[in-house]
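Shown next, in structure tokens, is the structure this report addresses.
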Amino acid sequence: MEKFNYYRNPEGPPPEKQRGLYYEMSGKFEWPRLITAWGIGLCCLVPLSFGYGFLQHKVQDKANFLQMLFMIGIEVVLVIAVNHLSRNRNPRMCTLTGLVFAMTIICFSWIGWTFYYSGNLLQALRPDIILETAWRILHSTNYWQVKANTSTIVIVLIWLTEGGMFVLAGFIASFFTGTFCEECRKYVRQVFESENLHHCFELEDMKKSLEAHDFSQLLRLPQTKDRDKYIKLQVSSCGCGATYLLSSAKVTVTRGGKRKHTSYDWFVIDLYISREEFTEITGHFQSQMDFHKKPG
């Protein structure tokens, strides 16, 4: 009961003995949500992966377009099923989820590939037939879209690269689930972003100051018209009063001809702040923004 009352405390976040300076996964997950996400995700990934593997052999433009749509569908399923439906905040379960989804994609894309050769779905489901198909491809003179003779090493490298991409996609979808408030059970969203701020302090000094909840340096940062080097501030909240987070980065824009590259050096990411600190910071920079927008 004390923990429940504490999170409802309008003064803001829990004391540091309850949580660290920065947001971290709580280690929690709900079996009903996880099972539902796995069920929906696997039911969608099986036909998508099968179609992706089957279309590997089609070199025509329409088939390539369809294969691209299947790939986009796989990514969408990973994001929706793993990120939004499961609400998984447990690193080990995230690892397991990423592996299961990645292995499903790889296995059923191979089944689709084997089905193209055999024309028999039951045979395509047999591991020995899949291995035989792979062995024949390794010893063939041509490899699907590659016109010239392709060495065995090159084919294996292509397969490993493709499989690694699916594994990476599974892990990215599993771990980049966003920050989550355990009290209101909602994802934290960005509620404020400052204008470009003048970079006039050492980043390490400012980081230590912010971690000590000393915002004097931050509040002294003026707006700047410099579009190539500046500080950007973001504040996020869940809306229930339990979680407020602050992030800040040094932004550097490199221009070359008609192109430009923007790099973000995040020196503070998801730092817990109190409700009063949230009000003070957003109020200060909002008034600063309103002042600069005044005519004249």
Side-chain angles (χ1 to χ4, degrees), residues 1-10 12-15 17-53 69-112 125 163-191 236-245 247 269-270 272 275:
M1 184 62 67
E2 291 180 1
K3 185 176 181 181
F4 175 82
N5 289 337
Y6 170 75
Y7 275 110
R8 290 298 185 187
N9 189 340
K17 66 179 180 179
Q18 295 286 337
R19 63 186 185 186
L21 285 172
Y22 294 94
Y23 170 84
E24 294 180 354
M25 284 186 177
S26 65
K28 298 179 180 180
F29 64 92
E30 294 82 38
W31 279 112
R33 274 192 166 275
L34 192 63
I35 293 173
T36 301
W38 277 38
I40 294 175
L42 293 176
C43 287
C44 294
L45 284 178
V46 166
L48 287 172
S49 304
F50 182 92
Y52 174 81
L69 289 181
F70 274 91
M71 174 63 77
I72 294 174
I74 290 172
E75 298 297 330
V76 170
V77 170
L78 285 174
V79 171
I80 294 177
V82 179
N83 265 342
H84 297 286
L85 294 182
S86 67
R87 291 187 179 178
N88 189 359
R89 292 95 66 202
N90 185 290
R92 292 182 180 179
M93 193 58 69
C94 286
T95 302
L96 178 61
T97 301
L99 282 174
V100 168
F101 278 59
M103 292 302 104
T104 299
I105 297 170
I106 294 172
C107 289
F108 278 90
S109 62
W110 268 101
I111 290 172
L125 293 171
M165 289 173 60
F166 286 130
V167 172
L168 181 62
F171 275 100
I172 290 176
S174 297
F175 278 93
F176 289 86
T177 55
T179 52
F180 189 82
C181 176
E182 298 293 342
E183 172 60 12
C184 64
R185 312 193 64 75
K186 293 181 180 179
Y187 284 104
V188 175
R189 61 184 180 85
Q190 181 180 314
V191 296
S236 304
S237 172
C238 61
C240 77
T243 305
Y244 296 98
L245 301 170
S247 301
I269 301 178
D270 292 339
Y272 281 116
R275 174 175 291 187

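The structure displayed is predicted, hence computed values, not measured ones. As a basis for the values below, the full set of heavy atoms in this structure was taken, side chains included, without hydrogen atoms, waters or symmetry mates. Position 1 is the first residue of the sequence; numbering continues from there.
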Checklist entry - Should the pair R89-E30 be classified as a salt bridge under the 4.0 Å nitrogen-to-oxygen rule? => result yes
Next on the checklist: Do F171 and L99 have side chains that approach each other closer than 4.5 Å (heavy atoms only, starting at C-beta)?
Outcome noted: yes
Item to check | Side-chain touch L34/N88, heavy atoms, less than 4.5 angstrom | outcome: yes
Item to check | Residues R33, S86; criterion side-chain contact (heavy atoms from CB on, under 4.5 Å); working and verdict | outcome: CA-CA 5 Å; R33 274 192 166 275; S86 67; 5.6 Å; no
Checklist entry - Stepwise, does the side-chain contact (heavy atoms from CB on, under 4.5 Å) test hold for Y272 with T243? => result CA-CA 7 Å; Y272 281 116; T243 305; 4.1 Å; yes
Next on the checklist: How close do C44 and V77 get, counting heavy atoms only, and between which atoms?
Outcome noted: CB-CG2, 3.7 Å
Checklist entry - So, for Y52 and S109, which heavy atoms are closest and what is the spacing to 0.1 Å? => result CD2-CB, 4.2 Å
Next on the checklist: Could you check, using the six-membered ring where one of them is a Trp, whether F108 and W110 have ring centers closer than 6.0 angstrom?
Outcome noted: no
Checklist entry - Between F29 and M93, which heavy-atom pair has the shortest distance, and what is it? => result CZ-CE, 3.6 Å
Checklist entry - Distance from S247 atom OG to D270 atom CG, nearest 0.5 Å? => result 4.5 Å
Checklist entry - About how many Å separate CZ of R189 and OG of S236, when rounded to the nearest 0.5 Å? => result 9.5 Å
Next on the checklist: side-chain contact (heavy atoms from CB on, under 4.5 Å) for R87 and Y187? Distances and angles first, verdict last.
Outcome noted: CA-CA 9 Å; R87 291 187 179 178; Y187 284 104; 3.7 Å; yes
Checklist entry - Looking at A37 and L85, what are the two nearest heavy atoms and their distance? => result CB-CB, 3.9 Å
Checklist entry - Would you say M165 has more than 12 foreign heavy atoms packed within less than 6.0 Å of its CE? => result no
Checklist entry - Nearest 0.5 Å, what's the CG-CD1 distance between L48 and I74? => result 5.5 Å
Next on the checklist: Taking atom CD as the centre, does Q190 end up with more than 12 heavy-atom neighbours from other residues, nucleotides or ligands that are less than 6.0 angstrom away?
Outcome noted: yes
Next on the checklist: If I compare all heavy atoms of S237 with all of Y244, which pair ends up nearest, and what's the gap?
Outcome noted: OG-CE2, 3.4 Å
Checklist outcome for this item: Rounded to the nearest 0.5 Å, the CD atom of E183 sits from the SG atom of C238 at a distance of 8.5 Å
Next on the checklist: Using 0.5 Å steps for rounding, measure from the CH2 atom of W38 to the CG atom of L96.
Outcome noted: 4.0 Å
Item to check | side-chain contact (heavy atoms from CB on, under 4.5 Å) assessment of L78 paired with I105 | outcome: CA-CA 10 Å; L78 285 174; I105 297 170; 4.2 Å; yes
Checklist entry - Can you find a heavy atom in the side chain of F166 that is under 4.5 Å from one in the side chain of M103? => result no
Item to check | Between OG1 on residue T179 and CE on residue M25, distance to nearest 0.5 Å | outcome: 10.5 Å
Checklist entry - What are the two closest heavy atoms between G241 and R275, and how far apart are they? => result CA-NH2, 3.0 Å
